[in-house]
Amino acid sequence: PKEMLSNLEISSKWAHGNRWNPEFCSSSVSSYLQHLHYYIRHYNNNNNDDDCSRTQGGVDRSIVTSPITARYAMKTVLKAKIPTQTLRSTIRSMERTIGLIRPS
C-alpha cells in the first residue's frame, strides 16, 4: 500500500509534459482499485477491531480510503489517457467501491 499511495500522489501531480506517463497512471489507478477491493473483502465483514484489522502492509485503511487519496486517484485516472467510455466507467467503479467501504 505504501508504494501504491506514493505512485498515486506522484502521478496525480504530473503535468502533461515530458515526464508524464499515461501507462503508469493507469497502473496506479488499477492498483488503488485492487487495494479498495481488498479492504471490502477483508475488513467490511470483520468484526474484530484490533489494529491488525485496520491495517494492510503497515498502512492504516483510513489513509487508503481517505478523501485525499480518492482525490489523487481521480486526478490520476484523468491523466491515464483512456477512452471516454472507459474513463466514465472507471470513475463510476471507483465511486461505488469507495462507497462500499465501512468507516474504520
N/O donor-acceptor pair under 3.5 Å between [X] side chain and [Y] backbone:
X     : Y     : value
Ser6  : Glu3  : no
Ser31 : Ser27 : no
Thr97 : Ser93 : yes
Lys79 : Pro22 : no
Thr90 : Thr86 : yes

Around atom CD of Glu95, are there more than 12 heavy atoms from other residues, nucleotides or ligands closer than 6.0 Å?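 Enclosed: over 12 neighbouring heavy atoms sit under 6.0 Å from CD of Glu95.
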Got more than 12 heavy atoms from elsewhere within 6.0 Å of CD1, Ile68?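 Atom CD1 in Ile68 is not crowded, with 12 or fewer foreign heavy atoms closer than 6.0 Å.
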Provide the closest heavy-atom pair for Tyr32 versus Val64 in the form atom of the first, atom of the second, distance. CE1-O, 3.5 Å
At their closest point, which heavy atom of Val29 faces which heavy atom of Ala73, and how far apart are they?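 The pair with the smallest heavy-atom distance is CG2-O, 3.9 Å.
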Euclidean distance, [Y] [atom2] relative to [X] [atom1], rounded to 0.5 Å:
X     : Y     : atom1 : atom2 : answer
Glu23 : Ser11 : CD    : OG    : 12.5 Å
His35 : Thr69 : NE2   : OG1   : 11.5 Å
Met4  : Glu9  : CE    : CD    : 12.0 Å

Check the pair Thr76, Ser12 against side-chain hydrogen bond (donor to acceptor under 3.5 Å, both in side chains), reporting the backbone distance first and the verdict last. CA-CA 4 Å; Thr76 298; Ser12 73; 4.6 Å; no
Quick check: do Phe24 and Ser28 have side-chain heavy atoms less than 4.5 Å from each other?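 Side-chain contact under 4.5 Å: yes.
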Minimum side-chain heavy-atom gap Ile91-Leu87 below 4.5 Å: yes
Let me know which of Leu5, Ile10, Asn7, Leu8 forms a side-chain contact (heavy atoms from CB on, under 4.5 Å) with Tyr72.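 Going through Leu5, Ile10, Asn7, Leu8 one by one, the side-chain contact (heavy atoms from CB on, under 4.5 Å) with Tyr72 is satisfied by Leu8 alone.
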